[in-house]
*Asks:* 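Let me give you the structure first, and then I'll get to my questions.
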Amino acid sequence: MNLPKHTSDNCENGKCQIQEALALLQKLSLFRDTPLDILKLYAYLSKKHEFKKGTLIIQQGKLCQQMYLIIKGQVSIYEEYNGINYKLQQLEDDGLNYFGELSLLTSIDSFFSAWAETDVILLSITREAFQKVMERYPDMYSKAIEKIITLRIARSTDQTRRLIEKTSPHVWHDSDSKLKK
């Protein structure tokens, strides 16, 4: 595997970006059961990004090639439906939040948009980096896929429950259903 060269340019105030990335990844639920050797590679291949308040990070309907971990700031997740943007979730730096994780598994057009609500600092792992690491550790690939999908389903369930809490319940009557016994 060809890995990029990191130099002292990646160190700020004596603390290397790789070490900072590794510390963050070790805390992230997505990588909780990932061996240290693999986490070190992800940290090495990760990149830090800064976005100003109001900047579009991911656009719904456009190809997404990386996942992001929020280091600092707030990111809002929106879905456009019938020409209206609906805020699904606000992610903050206090909960080790991330988004775009499905892009690690496949080339996918994003089903949401992500906007910087404040100035944000993000750590990204690209699909290409993820695939390179998984090629080196093929026995971990199915575990990584299972973890990503399980956590994505949990996030979708959580978003759905929050949306349900904002809607009025509907009491079903026999006339509402064509599925009569």
Side-chain angles (χ1 to χ4, degrees), residues 1-32 34 36-80 85-136 144-145 147-149 151-152 155-156 159:
M1 170 176 18
N2 294 327
L3 299 174
K5 300 279 188 237
H6 283 267
T7 65
S8 59
D9 294 343
N10 291 332
C11 291
E12 297 172 12
N13 301 326
K15 186 174 182 182
C16 284
Q17 182 177 325
I18 296 170
Q19 292 301 323
E20 180 185 9
L22 179 60
L24 289 167
L25 293 174
Q26 286 176 308
K27 294 176 187 176
L28 194 63
S29 59
L30 185 63
F31 297 115
R32 185 163 290 134
T34 304
L36 185 59
D37 289 349
I38 295 174
L39 281 179
K40 286 179 180 179
L41 285 173
Y42 288 140
Y44 187 77
L45 295 169
S46 68
K47 292 189 169 105
K48 204 180 222 182
H49 305 271
E50 293 185 25
F51 293 91
K52 294 289 183 194
K53 178 180 179 177
T55 303
L56 179 65
I57 301 165
I58 294 177
Q59 184 174 355
Q60 182 176 341
K62 300 289 183 184
L63 185 63
C64 182
Q65 294 285 338
Q66 56 200 338
M67 72 162 284
Y68 293 97
L69 168 63
I70 302 171
I71 297 173
K72 183 178 178 191
Q74 299 174 346
V75 174
S76 289
I77 306 298
Y78 287 87
E79 184 172 340
E80 184 272 326
N85 284 314
Y86 294 90
K87 186 175 186 177
L88 300 178
Q89 194 169 23
Q90 182 164 313
L91 304 173
E92 304 194 18
D93 55 14
D94 63 352
L96 289 172
N97 284 302
Y98 59 91
F99 55 97
E101 68 277 10
L102 290 179
S103 67
L104 297 179
L105 304 180
T106 187
S107 289
I108 186 171
D109 289 344
S110 182
F111 49 89
F112 62 87
S113 292
W115 290 86
E117 285 289 326
T118 63
D119 290 349
V120 294
I121 300 173
L122 305 174
L123 184 72
S124 73
I125 298 175
T126 65
R127 180 172 185 270
E128 179 183 16
F130 179 79
Q131 294 297 325
K132 283 182 181 180
V133 172
M134 289 297 99
E135 285 172 12
R136 188 167 184 180
I145 290 172
K147 186 75 160 190
I148 290 168
I149 291 171
L151 290 171
R152 182 62 220 163
R155 178 177 280 175
S156 293
Q159 287 174 337

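Positions are given from 1 along the sequence. Note that the structure is a prediction, hence the values are computed from the model and not measured.
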*Asks:* Can you tell me how far the CD1 atom of Ile125 sits from the CG atom of Leu28, to the nearest 0.5 Å?
*Replies:* 8.0 Å
*Asks:* So, the side chain of Asp93 versus the backbone of Ile70: is there a donor-acceptor pair under 3.5 Å, distance only?
*Replies:*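 No: the side chain of Asp93 does not pair with the backbone of Ile70.
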*Asks:* What are the two closest heavy atoms between Ala116 and Ile57, and how far apart are they?
*Replies:* N-CD1, 3.9 Å
*Asks:* Kindly give the heavy-atom pair with the smallest separation between Ile58 and Ser110, and that separation in Å.
*Replies:* CG2-OG, 3.3 Å
*Asks:* Any sub-3.5 Å donor-acceptor pair from Thr118's side-chain atoms to Gln74's backbone N or O?
*Replies:* yes
*Asks:* Any chance you could lay out the side chain to side chain contact (heavy atoms under 4.5 Å, CB included) test for Phe99 and Leu122, step after step, and finish with the verdict?
*Replies:* CA-CA 10 Å; Phe99 55 97; Leu122 305 174; 4.1 Å; yes
*Asks:* Decide yes or no on side chain to side chain contact (heavy atoms under 4.5 Å, CB included) for Arg155 and Tyr98, but give the supporting numbers first.
*Replies:* CA-CA 11 Å; Arg155 178 177 280 175; Tyr98 59 91; 4.2 Å; yes
*Asks:* If you count the non-hydrogen atoms of other residues, nucleotides and ligands that lie under 6.0 Å from NZ in Lys147, is the total more than 12?
*Replies:* yes
*Asks:* Could you list all the side-chain hydrogen bond (donor to acceptor under 3.5 Å, both in side chains) pairs where at least one residue sits in residues 58-67, not counting sequence neighbours?
*Replies:*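 For residues 58-67: Gln66-Tyr68, Gln66-Ser124.
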*Asks:* For the residue pair Leu105 and Gln131, what are the closest heavy atoms and their distance?
*Replies:* O-NE2, 4.2 Å
*Asks:* Which value, rounded to the nearest 0.5 Å, describes the distance between Leu56 atom CG and Tyr78 atom OH?
*Replies:* 11.5 Å
*Asks:* Are the side chain of Asp119 and the backbone N or O of Lys53 linked by a donor-acceptor pair below 3.5 Å?
*Replies:* yes
*Asks:* Begin with the C-alpha distance, continue with both residues' side-chain angles, and end with the deciding distance and a verdict on side chain to side chain contact (heavy atoms under 4.5 Å, CB included) for Leu151 and Glu101.
*Replies:* CA-CA 9 Å; Leu151 290 171; Glu101 68 277 10; 5.9 Å; no
*Asks:* Evaluate side chain to side chain contact (heavy atoms under 4.5 Å, CB included) for Met67 paired with Leu30, printing each intermediate quantity in order.
*Replies:* CA-CA 11 Å; Met67 72 162 284; Leu30 185 63; 3.6 Å; yes
*Asks:* Please report the closest heavy-atom contact between Ile71 and Glu20, naming both atoms and the distance.
*Replies:*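 In this case the closest contact between Ile71 and Glu20 is CG2-OE2, 4.2 Å.
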*Asks:* Answer yes or no: are there more than 12 heavy-atom neighbours, outside Lys87 itself, under 6.0 Å from its atom NZ?
*Replies:*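 Yes - once you tally the heavy atoms of other residues, nucleotides and ligands closer than 6.0 Å, there are more than 12.
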